[in-house]
There are 2 protein chains.
Amino acid sequence: MKDDQLAAREPVATSEKVLERIGHSILSGEFEPGERLTETDLAQRFGVSRSPLREALLRLEERQLIERVPFSGMRVVSLDDRTVDELYEIRGALEGLACRRAAAVITPEQIAELRGVLAQRSRALKSTRGDARQQPTIQDFHILIARISGNRELERMLAGDIWHYMRAQYRRWARARERMDLGHAEHLRIVDALEARDGELAEILMRRHIVASRQELVDAKARAEARGAA
Amino acid sequence: MKDDQLAAREPVATSEKVLERIGHSILSGEFEPGERLTETDLAQRFGVSRSPLREALLRLEERQLIERVPFSGMRVVSLDDRTVDELYEIRGALEGLACRRAAAVITPEQIAELRGVLAQRSRALKSTRGDARQQPTIQDFHILIARISGNRELERMLAGDIWHYMRAQYRRWARARERMDLGHAEHLRIVDALEARDGELAEILMRRHIVASRQELVDAKARAEARGAA
DNA sequence: TTAAGTCAGATTGTACACAATCATGGAGTC
DNA sequence: GACTCCATGATTGTGTACAATCTGACTTAA
């Protein structure tokens with residue numbers, strides 16, 4: 001069962017199904033960033049009419065996964081370095097807030113749950129030899145903190161597609177696993193701070209963690225470009 | 001000219017025009033929160049077909065201004081107290097970030113611009129006798145800081161409709177002007193901090209300012225309910 | 001050679017008809 | 001009397017045809 005909560009009913013309408021499919025195609029990299037899309041092609045490709053397809057595309061546009069220009073065409077969003085920087089900065093502020101609030105209300109059971117997620121992720125990391133594409137619990141840790149904070153709007157915001165998309169572009173370059181181990185240590189320290197009910201510290205640690213993640217992305221991209229063409 | 005920047009082209013498509021109209025109707029309170037809407041009625045009302053109307057409604061749903069349930073109906077979102085609390089908390093974190101970053105890069109010209117906005121608002125406040133509905137520059141101050149911060153995604157986020165809608169519900173109760181004067185003083189202190197390039201202080205002041213605004217909303221609503229039916 | 005103008009092709013935007021689904025009310029039964 | 005079932009109306013979801021708009025190439029003239 002996937003719907004963790006809040007009655008996420010299975011999609012019955014065609015538009016919902018095609019929305020999930022296209023969204024997944026973008027997030028998984030099946031559609032390249034910047035790739036041009038046409039309604040007719042997509043409709044044929046997915047075997048649906050243009051009407052439900054359009055609905056899906058409009059939603060994706062509102063979620064900033066595709067860009068459209070009237071009467072002209074549409075394309076998959078390509079996040080440039082500046083935008084990724086900006087998004088990471090926003091994410092740091094939001095997750096910092098989540099940590100601060102979570103520290104005030106967290107229960108022992110929830111602490112155990114957080115540690116469980118980290119342990120599961122650590123195991124999965126070893127078994128798959130660091131293949132980042134098969135980590136189902138990476139962002140679960142962050143989302144879980146947001147949920148513990150009790151701020152549903154914050155949780156909803158941090159669960160948005162744009163963040164997944166941002167991370168997806170990261171996976172393209174990051175084959176190295178050093179960062180993963182470092183990240184794991186940082187995660188543990190965040191949980192420690194939450195357990196100590198030190199909201200201020202937890203917020204600072206989370207902000208640093210996100211800054212470090214962003215820095216690793218920059219470095220990984222630089223290395224990749226140095227290998228590729230320079 | 002309204003398009004401040006970024007080539008906000010005038011809408012040519014019917015769906016864009018009807019989107020603006022419905023959005024304005026919701027934000028202005030012409031459509032009550034919780035009011036039920038039907039596609040057929042709205043289509044007749046605005047003299048358009050259901051197709052462009054549906055596009056507008058889908059966008060509004062993604063922006064959390066209306067709620068839809070498949071095959072059943074749709075209604076204008078009604079923000080309950082808890083949600084407003086959560087949104088204010090998020091807004092505080094985001095605007096705090098904007099202040100922190102703006103302090104690092106602000107120019108004397110931009111400081112003057114901020115003071116200009118405050119002065120204009122102060123004048124408007126006197127001339128219209130504190131009628132909150134005719135304040136075109138209230139949120140301009142906040143958006144301007146976000147713009148100065150240089151984080152375009154942050155600016156886009158803080159310019160979202162949901163925040164306008166949240167404030168709109170506030171205007172319903174707030175006729176008193178004490179809060180406006182207090183808010184004015186707080187705004188001035190924020191600008192002072194920005195001018196001193198004290199990002200940390202600016203962030204703290206902005207967070208407090210938003211907490212105070214939220215508190216005033218709670219009090220105003222309590223007073224209104226006490227007057228009305230209690 | 002370059003520039004503007006125009007025309008065709010492609011693509012999106014809109015309208016309308018029909019199908020799928022849901023909610024409400026009443027009839028029937030236990 | 002309360003409950004279940006079913007039919008009917010209302011509402012949204014989908015398919016298809018057509019109109020509006022844009023892009024790019026080709027022509028033509030300076």
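Atom C1' of nucleotide D:dA10 and atom CG of B:Asp41 are separated by 11 Å, given to the nearest angstrom. Distance CZ (A:Phe46) to C1' (D:dG15): 18 Å, rounded to an integer number of Å. Between the CE atom of A:Met74 and the C1' atom of D:dT21 there is a distance of 15 Å, rounded to whole Å. Computed from coordinates, the A:Leu42 CG to D:dT14 C1' distance equals 17 Å when rounded to whole Å. D:dT14 atom C1' lies 14 Å from atom CD of A:Glu16, rounded to whole Å. In this structure, CZ of B:Arg75 is placed 17 Å from P of C:dC22, rounded to the nearest angstrom. As rounded to whole Å, 14 Å separates atom C1' of D:dT11 from atom CD of B:Gln44.
Across all strands, A:Leu37 comes closer than 4.0 Å only to sugar-phosphate atoms, never to a base (heavy-atom distances).
Using cut-offs of 30° and 60° on the angle between ring planes, the pair B:His209 and B:His142 is parallel. Between B:Phe46 and B:Phe31, the two ring planes are perpendicular [angle over 60°; tilted spans 30° to 60°].
Taking a 4.0 Å limit (strictly below) on heavy-atom distances, residues 50-57 of chain A reaches DNA chain D at A:Ser51, A:Pro52.
The shortest distance between the side-chain N/O atoms of A:Ser72 and the OP1/OP2 oxygens of D:dC22 is not below 4.0 Å. Considering only side-chain N and O atoms, A:Arg68 lies under 4.0 angstrom from the phosphate OP1 or OP2 of C:dG13. Contact annotation: A:Ser15 side-chain N/O to D:dT14 OP1/OP2 distance is under 4.0 Å.
Taking a cutoff of 4.0 Å between a charged side-chain nitrogen and a carboxylate oxygen, A:Glu89 and A:Arg207 do not qualify as a salt bridge. Between A:Glu35 and A:Arg75, none of the side-chain N atoms (NZ, or NE/NH1/NH2) sits under 4.0 Å from a carboxylate O, so this pair counts as no salt bridge. The pair A:Lys221-A:Glu216 does not count as a salt bridge, with every side-chain nitrogen at least 4.0 angstrom from each carboxylate oxygen.
The backbone N or O of A:Leu79 sits nowhere less than 3.5 Å from a side-chain atom of A:Tyr165 that would complete a donor-acceptor pair.
Distance from the side chain of B:Phe71 is smallest to D:dG13 among C:dA23, D:dG13, C:dT12.
Between B:His164 and B:His24, a ring centre-to-centre spacing not shorter than 6.0 Å is recorded.
Take the nearest nucleotide of DNA chain C for A:Glu39 and for B:Val48: the residue whose nucleotide is more 5' is A:Glu39.
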